[in-house]
Amino acid sequence: MYVLGIETSCDETAFAIVKDGSIILSNIVASQADLHARYGGVVPELACRRHIDLITVTLQQALQESQMTLEQIDLIAFTQGPGLIGALLVGVNMGKGIALATNKPFVGVNHVEAHLYAAIMNQELSFPALGIVISGGHTFFLKIESFGKYQLISQTVDDALGEAFDKVACMLGLTYPGGPQIENLAKKGDARAFTFSAGQVKKNPLDFSFSGLKTAVLYALRGQDGKLEPILDEQTKADVAASFQHIAFSDLIKKANLAVEMHRCKSIVLGGGVTANMLLRKMFQERCSLPLYWPNQALSSDNGAMIAALGYNKFKLYGGDDFTIQPFAKLGW
Ligand code: KG4
Ligand code: ZN
């Protein structure tokens, strides 16, 4: 079964063609990073306009690379939510439109569920598993009882982890998206140079808070009153990047180990853009004894292949073709 996956929830216009739920024939991601870089983050209105500009040409590229035509596609899967509502509308309507024009079935897919699914595509998993989503829009833990059966354990009370990376990168004078740049800069820095700490949330010790950590970075760079000239020397910047990254990941892993214990999880599945970070992968391997499931690097950030793969499984289990489905902005779990 050949599935066309469409992803437009944020600032990537992405199409992929995936065979039988796991064989990726093409996976094209048209990034809008250049458009949003000057604003230090995604501007929703600009994102949806750019999706409209890119959507047809990206679809054509995905078809070309897999040497297929729309007529040969068996199912259309698109991101239904969560995400930017205007951006989602572009992909949802494209998906429904292709389905109507070609008389093919279609299915809507949850974006964050697809991030986790990217790590396990057709692999056997020991349940219950701890699901960890760490992206630009989300940071939360889920208890995964079985495929499709989730219980939200905890989430961030302010910034998502990727968002904190992007904002700290901005303070360091790096361009959006900041995650990969912080990872690179941190390689030259000393993670013990600054003693930052991550936020603890009284109500739920497994919740996250990164706003205090961000402020601590700002103070380190500009002084407590924010009036100092920003520190510009490269070594100090690298030390700040390394210290920030190390404390953010230590906090995540400490809470993951606690969640595993409290919820008796047998494995850990990770998804979202921040999973591309190699230090994170190394630290998890060193500090956690459970089997870990990571998406391969190309599937860490937003892409159409994870949407097609999850769409294939959803369609097999529940069918599709509900023309009344609409995009949704919020997670809703
Ligand atoms: O999953 P994703 O592509 O989009 C959302 O669904 O939000 O995640 C994007 C986020 C950005 O905040 C980006 O800075 C972060 O993932 N990211 C990273 C790395 N690569 C991307 N964060 C840390 N280290 C990385 N190597
Ligand atoms: Zn995402």
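As the structure lists them, so they are numbered: ligands from 1, and atoms in each ligand from 1.
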Ligand-side contact atoms (ligand 1) for residue partner Ser301, heavy atom cut-off under 4.0 Å: 3 (O)
Nearest non-hydrogen protein atom, atom 24 (N) of ligand 1: Asn277 ND2, 3.0 Å
Under 3.5 Å: donor-acceptor pair, side chain of Gln200, backbone of Ala198: yes
Worked check of side-chain contact (heavy atoms from CB on, under 4.5 Å) between Trp294 and Gln285: CA-CA 11 Å; Trp294 299 92; Gln285 261 131 27; 3.7 Å; yes
Closest approach of any protein heavy atom to atom 1 (O) of ligand 1, naming residue and atom: Gly273 N, 2.9 Å
Short side-chain donor-acceptor distance under 3.5 Å, Lys187 and Asn184: yes
Separation of Glu71 CD from Asn103 CG (nearest 0.5 Å): 11.0 Å
Contact (N/O only, under 3.5 Å) between Gly162 and ligand 1: yes
Contact atoms of ligand 1, heavy-atom distance to Phe165 under 4.0 Å: 23 (C)
Atom 26 (N) of ligand 1: nearest protein contact (heavy atom, Å): Glu183 OE1, 2.8 Å
Flag side-chain contact, heavy atom, 4.5 Å: Asp302 against His111: yes
Donor on one side chain, acceptor on other, Tyr176 and Asp11, under 3.5 Å: yes
Atom name of the N, O or S atom in Asp302 that lies nearest to the Zn ion (ligand 2): OD1
Ligand 1 contact by Cys10, heavy-atom criterion under 4.0 angstrom: no
Region of Asp166 engaging ligand 1 - heavy atom pairs below 4.0 Å: side chain
Heavy atom of His115, distance to ligand 1 below 4.0 Å: yes
Heavy-atom nearest neighbour in the protein, as seen from atom 2 (P) of ligand 1, with distance rounded to 0.1 Å: Asp302 OD1, 3.4 Å
Beyond-backbone contact of Met283 with Ser250, side-chain heavy atoms, under 4.5 angstrom: yes
Top protein contact for atom 7 (O) of ligand 1, by heavy-atom distance: Gly136 N, 2.8 Å
Presence of salt bridge, Asp53 and Arg49, under 4.0 angstrom: no
Atoms in ligand 1 flagged as close to Ser135, the criterion being non-hydrogen separation under 4.0 Å: 1 (O), 5 (C), 6 (O), 7 (O), 8 (O)
Any His111 heavy atom less than 4.0 Å to ligand 1: yes
Residue selection (non-hydrogen contact nearest atom 18 (C) of ligand 1) among Gly179, Ala164, Pro295, Gly137: Gly179
Backbone of Leu25 reached by a side-chain donor or acceptor of Ser66 within 3.5 Å: no
Electrostatic pair Glu113-Lys314, nearest N-O below 4.0 angstrom: yes
Rounded to 10 degrees, the angle NE2 of His115 makes with NE2 of His111 at the Zn ion (ligand 2): 100°
